[in-house]
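Count residues from 1 along the sequence.
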Amino acid sequence: MYGTLRPGGYNHDRFLAGRIGTEAEAVLHGAVLHDGPGYPYAVPAERGRVVGSLLTPSSGDYLDLFGLLDRLELPVGYERVAMDVVRVRDGARVSAWVFLAAPDAPLGPVIESGDWFDRP
């Protein structure tokens, strides 16, 4: 997660509390981050990176959690896509579900740092 669902974001505890087994800092390469209407959008790009967290659901919560996230994210302009991210602590490349901007997402300006928590 790279926006409001990321640990420290205002939706993390609201939607993910008690459902996450592990959290690790991660980076998505080959994407840029855009500001949006109160939340960010990641967009594939030749260059760029998006800073976020790799969240692994607790045992038994996978299907329920993804149902919840799809109901939350898809209607506001995201698509769920499998992509490789790099886990910061050990540099491992890990396949993860990432919510990217759908073609009709209301993109705002690029967040140059790639970090929603470090936007102007």
Nearest 0.5 Å, please: how far is [atom2] in [Y] from [atom1] in [X]?
X	Y	atom1	atom2	answer
Phe66	Arg71	CZ	CZ	13.0 Å
Thr22	Leu55	OG1	CG	8.0 Å
Leu5	Ser53	CG	OG	10.5 Å
His12	Thr4	NE2	OG1	10.5 Å
Ser59	Arg19	OG	CZ	14.5 Å
Leu100	Leu28	CG	CG	7.0 Å

Is there a side-chain contact between [X] and [Y] in this structure, where contact means two heavy atoms from C-beta onward sitting under 4.5 Å apart?
X	Y	value
Met83	Trp97	no
Ile20	Thr56	no
Ile111	His34	no
Val110	Leu33	no
Val50	Trp116	no
Leu65	Leu16	yes
Glu25	Leu54	no

Of the non-hydrogen atoms in [X] and [Y], which two are nearest, and what is the gap between them?
X	Y	result
Val51	Tyr2	O-CB, 3.5 Å
Ala45	Val32	CB-CG1, 3.9 Å
Tyr78	Leu74	O-CD2, 3.2 Å
Ala24	Arg89	CB-NH1, 3.4 Å
Glu79	Pro103	OE2-CD, 3.4 Å
Pro7	Glu23	CG-OE1, 3.3 Å

> Does Tyr10 offer a backbone N or O that forms a donor-acceptor pair with the side chain of Arg14 under 3.5 Å?
Replying inline: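 No, because the side chain of Arg14 does not come within donor-acceptor range (under 3.5 Å) of the backbone of Tyr10.
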Single-linkage hydrophobic cluster [X]~[Y], side-chain heavy atoms < 4.5 angstrom:
X	Y	value
Val88	Val86	no
Val98	Val94	yes
Val85	Tyr62	no

> Any ion pair linking Asp115 and Arg6 (charged N to carboxylate O, less than 4.0 Å)?
Replying inline: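 Here Arg6 pairs with Asp115 in a salt bridge, since their nearest N and O are under 4.0 Å apart.
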> Is the Tyr41 ring parallel, tilted or perpendicular to the Tyr39 ring (thresholds 30°, 60°)?
Replying inline: perpendicular
